[in-house]
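In what follows, chains carry the letters A, B, and so on, assigned in the order in which the sequence lines appear, proteins first and then strands, with residues in each chain numbered from 1. Here the structure is a predicted model, which is why all the values come from computation and not from measurement.
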Amino acid sequence: MTEPNDKSRRGFLGVAAVGAAGLGVAAIAPGFHLIEVSQAGAPGAGVSNKVRWGMLIDTTKCASDCNACVKACNTENGITETVKDPRQGSQWIRKLDLKDPKSGLTHSLPMLCQHCEHPPCVDVCPTGASMKRADGIVLVDRHTCIGCRYCMLACPYKARSFVHIPLTEQNPEVPRGQGCVESCTFCVQRVDKGQIPACVEACANAEHNAMLFGDLNDPNSEIAQRVAQVKTTQVRADLKLNVGVRYQGI
Amino acid sequence: MMIQQQTQTPDNPAFYPALAIGGLISAIGVAAAFYMEHMGHHVSGMNNQVFWGLPHVFGIFLIVAASGVLNVASIGSVFGKKAYKPRAPLSGLLAIVLLAAGLAIIMLDLGRADRVLIAATHVNLTSVFGWNMILYPVFFGLVGLYVWTLMDRSMNRYSKAAGVSAFIWRLVMTTGTGSIFGFIIARQAYQSAILAPMFIIMSFAWGLAIFLIVQETMYSRANMELHPQLRARMKNLLGVFVAAVFYFVVVYHLTNVYYAKQTEFVHFILVSGGIFPLLFWGGFVLMGTIVPLLLLYVPSFSETKGSVTAASFLVIAGGLFLLFVFIIGGQAYPLDMFPGMQVSSSFFDGKIDSYTPSLPEILLSLGGVGIAFTGTLLGVRVLRFMPQDDAAKLKSAGYLHD
Ligand code: SF4
Ligand code: SF4
């Protein structure tokens, strides 16, 4: 439902950008058009519904004292602001510590947007700002989000954050904004360039290799093969959202 | 029978001061919202776990009550109860004004209130919020039309049809409001099919309570008293609605315990959750249900002057407490992603959150009430919304004092 929308939006923006540049009015509408084009330009290439981006997290390899994925995410996506009340700050990815009170067994794992195939956030969003790309990546269009927070009510994973303060110093490739809701984008700006998400790269650099990113639809990909071989878990599988992030070892 | 038109006395000295106070409260509310939008919501008590706060409690209360207040008109025109007919225009006016006020609060609290046009033009029809973008404007239209057919004699013959459409639409609309929560599968508090009928019955009680207060005020300003028979009927109706809301709330919690196995959540809301059980038992059960029922039914109370108005105020307060527990409590209780596991994180997973509304949120919420008050005041002043009981009859029976 969102795909054609998205396409026409990009088409329109392309035309608008050319028009604006041609008329020399780009400067009149600073932020708005330029940021939107920078965001829209990148995902344009190669978004195909043949691909389903996903992630496999091996909790047995995830170290409870390691925060490398979180730090990398914050750097990559420009989440550098400090908020007085930490409950009001954005967290696109966070480390969860689990403990089974009966056996005493503990796990540590990163929690992020699960990029649901049937995302409740997209279903409830009144404006269509929450959207799922053809390749399964769930995004918020920062220019149509009205900040109603209904998607936060609907998300079962607490994956979304509302921006509570004015933002400065942003990564131009990752537009964020006060009064809008945001969440993990699987580093769409990197994925569209053929790179892997910053958290996955950081985990490997820290020599934990607990995170694997790839195309769940491609039978030859490492992630698809591992999902076919080992027992993996979808968090809150009872909701039948067919999430794109799978866990191993819990 | 020709009915003598009774209007608010035009030179009522209290009108302008009341208008000024209402306008001021509304303006302060709007200013508080702009402040919040400008500074960012960090100046609110809301956060990334409790992201719907006091404005949502008030906004949703007013929207639900808006639909219920139309009940008075429906009883008159849809179900043909004569005594309610003269009250239909006032009931329609209140429905419009309350809905506008409730929507104003919700819209002003948006992170990007400046994008409200986007909300109106980009409607996602799989979203319950999206449906509501259609339900509300149509409600305004239908009720407006209905009030017109009632007040313009040449249109009177269409009033039944308009009344029935508004009646049906209002049930749909409240179902839509209840479904905002009912469709949330992620949360223990909300995934219940009983929410839609529960919201409808809540709307009946809250709407009637507001109607009774406004009616009482208008009558006393016009030096009139409600005919005791009518007063008794309306008070009994309020009692029935209050009891029905209580019944639905009990069933809602029971189904949560027995069918959905949400025992821990229900224990939190009703027993261990600090402020929430306190507001539930003290605010909703005692203050908003038991005391009003006593006021309405124990003869020594119910015959006293002002008892119906007092009961109505308490029902409204109880409704706000109930919504507070429902909306805020439902968010404060952590999401259960890993059943049976203890969870902790830097994002407060597994922790019960607390919420204290900040001043701008309180002012915005009261501002909504101010908008409703001012709108009613103006509407009543400009048009003849005074319930048109046969003034002559009231006078001869001694209920019109001049
Ligand atoms: S995890 Fe939450 S935010 Fe991410 S797609 Fe699913 S519902 Fe949406
Ligand atoms: S906060 Fe934004 S993305 Fe979320 S539901 Fe509202 S408009 Fe959609």
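Taking each heavy atom of A/Pro156 and B/Ala186 in turn, the nearest pair found is CA-CB, 3.4 Å. In terms of heavy-atom proximity, A/Val122 sits nearest to B/Thr126 at O-OG1, 4.3 Å. Closest of all the heavy-atom pairs between B/Gly340 and A/Pro101 is O-CD, 3.1 Å.
Here the CD atom belonging to A/Gln178 is positioned 9.0 Å from the CE atom belonging to B/Met39, to the nearest 0.5 angstrom.
Of all the listed residues (A/Pro120, A/Ala129, A/Pro86), the one sharing the greatest number of non-hydrogen pairs under 4.5 Å with chain B is A/Pro86. The choice from A/Val83, A/Ile146, A/Val124, A/Val163 that makes the most heavy-atom pairs within less than 4.5 Å of chain B is A/Ile146. In terms of non-hydrogen atom pairs under 4.5 Å with chain B, the most contact-rich of A/Ser90, A/Cys145, A/Ser108, A/Cys180 is A/Cys145. Considering only heavy-atom pairs separated by less than 4.5 Å from chain A, the leading option among B/Met107, B/Gln331, B/His122, B/Met36 is B/His122. The candidate from B/Phe181, B/Phe348, B/Phe51, B/Trp52 with the greatest count of non-hydrogen atom pairs under 4.5 Å with chain A is B/Phe51.
Looking at B/Met337, both its backbone and its side chain come within 4.5 Å of chain A, counting heavy atoms on both sides. Contacts of A/Thr106 with chain B are absent, with no heavy-atom separation under 4.5 Å from either backbone or side chain. Proximity to chain B is absent for every atom of A/Leu105, based on heavy atoms less than 4.5 angstrom apart. Heavy atoms of A/Ile93 lying under 4.5 Å from chain B are absent altogether.
Below 4.5 Å, heavy atoms of chain B meet no heavy atom from residues 67-81 of chain A.
Under the rule for a side chain to side chain contact (heavy atoms under 4.5 Å, CB included), the partners of B/Ala65 that lie at least two apart in sequence or sit in another chain are B/Phe61, B/Leu98, B/Trp206, B/Ile210. Contacts of A/Asp238 classified as salt bridge (charged side-chain N to carboxylate O under 4.0 Å, His left out), with partners at least two apart in sequence or in another chain: A/Arg236.
Between B/Phe129 and A/Thr127, every side-chain heavy-atom pair lies at or beyond the 4.5 Å cut-off. Contact of the B/Phe347 side chain with the A/Lys95 side chain is not registered, since no non-hydrogen atoms from C-beta on lie closer than 4.5 Å. Between A/His107 and B/Met341, the closest side-chain pair of non-hydrogen atoms falls below 4.5 Å. By the 4.5 Å heavy-atom criterion applied to side chains, A/Leu241 and B/Ile185 are counted as neighbours. At least one side-chain heavy atom of B/Asn48 sits less than 4.5 Å from a side-chain heavy atom of A/Met152. B/Phe338 is listed as a side-chain neighbour of A/Leu96, based on a closest heavy-atom distance under 4.5 Å. Residues A/Cys125 and B/Ser127 form no side-chain contact, since every pair of their non-hydrogen atoms from C-beta on lies 4.5 Å or further apart.
For the pair B/Gln342 (side chain) and A/Leu98 (backbone), a donor-acceptor distance under 3.5 Å is absent. No donor-acceptor pair under 3.5 Å is formed between the side chain of B/Arg112 and the backbone N or O of A/Thr144. The backbone N or O of B/Ile180 sits less than 3.5 Å from a side-chain atom of A/Tyr150, completing a donor-acceptor pair.
Contact check on B/Asp349 versus A/Lys158 returns no salt bridge, with no Lys/Arg side-chain nitrogen under 4.0 Å from an Asp/Glu carboxylate oxygen.
The stretch residues 31-44 of chain B participates, sequence neighbours left out, in these side-chain hydrogen bond (donor to acceptor under 3.5 Å, both in side chains) pairs: B/His41-B/Asp109.
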